[in-house]
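To start, the structure under review is shown below, and the notes come after it.
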Amino acid sequence: MGSTERIRNVAKRVAKWARAGHQMVVVPSAMSGETNRLLALAGELAPDHPETPYYRELDMLAATGEQASSALLAIALQAEGLDAVSYTGWQVPVRTDSSYTKARIESIDPERVRADLDAGRVVIITGFQGIDPLGNITTLGRGGSDTSAVAVAAALKADECLIYTDVDGVYTTDPRVVPAARRLNSVSFEEMLEMASLGSKVLQIRSVEFAGKYKVPMRVLSSFTSWDIDLAEEAKSGTLITFEEDEKMEKAVVSGIAFNRGEAKISVRGVPDTPGIAAAILGPVADANIDVDVIIQNISKDGKTDFSFTVSQTDYQRALDLLREKVAPELGAAEVVGNPNIAKVSIVGIGMRSHVGVASTMFRTLAQEGVNIQMISTSEIKTSVVIDEKYLELAVRALHTAFGLDKVE
Ligand code: ASP
Ligand code: MG
């Protein structure tokens with residue numbers, strides 16, 4: 001919601017649903033750019049403040065963005081002639097743990113909201129925020145209103161959680177990379193989880209985890225359609241994230257190609273090939289709060305081996321320093337080398353469970369394009385490869401075509 005005009009459009013859309021007889025709870029995000037604006041103000045005042053002390057205040061600050069948009073939406077709904085009331089996270093309350101800026105929702109009390117719904121009101125609940133056991137305001141991490149919405153839907157046992165966003169659904173891959181990418185009418189919750197974690201930024205990943213845990217049907221649809229489109233049409237637009245796998249059976253084996261540019265590779269060379277080596281390398285990395293993704297250990301030669309793994313680019317330098325300064329000297333490793341210019345490409349599909357040879361089609365396709373695979377990792381429903389970042393777009397396009405995902409005009 002970037003302007004009062006857009007808020008009015010949302011209000012009219014909500015009014016349309018409410019007048020059709022649906023009980024509606026709306027979970028707004030802040031107005032566009034507002035969270036960034038607020039956080040930048042904090043940055044101006046405390047540019048090089050040591051790590052954590054003001055995290056609590058960042059949450060106090062950032063939560064105001066959603067408070068404003070929620071109140072404005074309630075006002076717009078009232079102007080439409082509907083009875084509407086807005087609540088902040090703490091008024092509901094939405095209870096979270098105390099990890100400021102990345103809190104997790106623990107529970108939501110549905111009573112107050114339920115009473116309003118029963119009295120015929122539209123209820124608006126601020127996204128992105130809650131209250132911790134000590135009464136402090138917390139926020140859920142960037143993009144957290146998706147998770148708020150799913151959590152509210154779960155607490156109220158809603159029929160469906162509609163996520164209105166700036167794209168009109170979930171695509172087979174990023175249409176900016178592959179113009180022939182297609183919107184999926186439905187995608188299974190497990191596939192969505194893989195795609196979200198592999199860098200498709202449509203939804204906050206935690207919202208998908210939440211939807212899976214509480215079996216909340218979720219639909220991703222465009223907030224840019226005109227409010228007065230036919231309700232039945234709107235209700236089946238976008239992409240439904242489903243729990244039924246049967247209807248997927250006749251569909252493509254691979255549902256989508258996900259990719260992530262934001263990873264980097266680190267190799268610790270010439271470490272002794274003895275029990276405990278993975279723990280000795282990855283233990284200190286984990287202790288430094290650095291997440292490790294794809295891991296490979298090479299064959300041993302003369303009792304020594306090479307150990308490689310990927311981390312997020314934002315943790316790359318820290319991981320490299322840590323390994324060079326502390327870990328490598330202790331292990332007597334020959335050297336620690338890194339490459340921040342890699343990318344991970346993954347094929348995702350629940351159909352992969354029942355089909356063999358899917359991964360080999362992937363490898364063959366990349367070979368035909370002359371793309372060298374540096375690392376491979378697999379799970380039941382995905383195969384990921386790490387490649388040189390400069391071949392990313394080529395690889396994604398070739399795989400998209402090879403797995404029959406291109407749009408037919
Ligand atoms: N306003 C918050 C953010 O910008 C939450 C959200 O938009 O989902 O991250
Ligand atoms: Mg968002």
Side-chain angles (χ1 to χ4, degrees), residues 1-4 6-7 9-10 13-14 25-44 54-74 86-92 94 96-97 99-105 108 124-132 136-155 161-170 192-193 195-197 199-211 216 218-224 238-239 241 262 312 314:
M1 302 194 296
S3 62
T4 48
R6 301 272 307 135
I7 293 177
N9 192 60
V10 173
R13 192 189 297 279
V14 173
V25 178
V26 190
V27 180
S29 171
M31 290 177 75
S32 352
E34 180 62 6
T35 311
N36 287 346
R37 187 187 73 84
L38 291 167
L39 295 178
L41 293 175
E44 275 174 37
Y54 65 87
Y55 278 7
R56 179 187 181 281
E57 306 311 324
L58 285 182
D59 282 357
M60 277 293 282
L61 176 69
T64 63
E66 272 70 11
Q67 182 167 342
S69 60
S70 295
L72 289 169
L73 181 59
S86 70
Y87 295 118
T88 59
W90 63 266
Q91 287 174 313
V92 173
V94 175
T96 72
D97 63 16
S99 341
Y100 300 121
T101 74
K102 47 173 193 297
R104 282 180 178 269
I105 295 180
I108 294 180
I124 299 157
I125 301 174
T126 50
F128 181 52
Q129 61 183 268
I131 186 167
D132 82 350
N136 299 298
I137 290 178
T138 52
T139 67
L140 309 181
R142 299 308 304 272
S145 23
D146 297 343
T147 303
S148 305
V150 177
V152 166
C161 176
L162 306 172
I163 306 270
Y164 287 89
T165 182
D166 54 0
V167 291
D168 67 353
V170 178
M192 192 58 218
L193 200 57
M195 296 207 230
S197 66
S200 137
K201 296 282 173 320
V202 183
L203 292 169
Q204 194 194 40
I205 181 157
R206 216 180 269 174
S207 72
V208 184
E209 288 165 0
F210 221 101
V216 179
M218 234 174 145
R219 185 181 291 276
V220 178
L221 63 174
S222 172
S223 62
F224 287 99
T239 302
I241 301 167
S312 142
T314 49

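Every number for a ligand or one of its atoms is a count from 1 in the order of the listing. It should be emphasised that the depicted structure is a prediction, and the values quoted were computed from it without experimental measurement.
- Between R206 and E209, no side-chain nitrogen of the basic residue sits less than 4.0 Å from a carboxylate oxygen of the acidic one, so the salt-bridge criterion is not met.
- Each of the atoms 3 (C), 4 (O), 9 (O) of ligand 1 lies under 4.0 Å from some heavy atom of R142.
- Side-chain N or O atoms of S148 include one that pairs as donor or acceptor with a backbone N or O of F128 at under 3.5 Å.
- For the ligand labelled ligand 1, residue G143 lies inside the 4.0 Å heavy-atom shell.
- Each of the atoms 1 (N), 6 (C), 7 (O), 8 (O) of ligand 1 lies under 4.0 Å from some heavy atom of S29.
- Under a 4.0 Å heavy-atom criterion, G65 is not in contact with ligand 1.
- With hydrogens and angles disregarded, a donor-acceptor distance shorter than 3.5 Å links the side chain of D146 to the backbone of Q204.
- When heavy-atom distances to ligand 1 are checked against a 4.0 Å cut-off, S145 comes that close through both its backbone and its side chain.
- Between the side chain of T239 and the main chain of V170, a donor-acceptor pair closer than 3.5 Å is present.
- Contacts of E66 with ligand 1, taken as heavy-atom pairs under 4.0 Å, involve the side chain alone.
- R6 places no side-chain N or O within 3.5 Å of a backbone atom of M31 that could act as its donor or acceptor partner.
- The shortest N/O to N/O separation between D146 and ligand 1 does not fall below 3.5 Å.
- In this structure a side-chain-to-backbone donor-acceptor pair under 3.5 Å is missing from E66 to S29.
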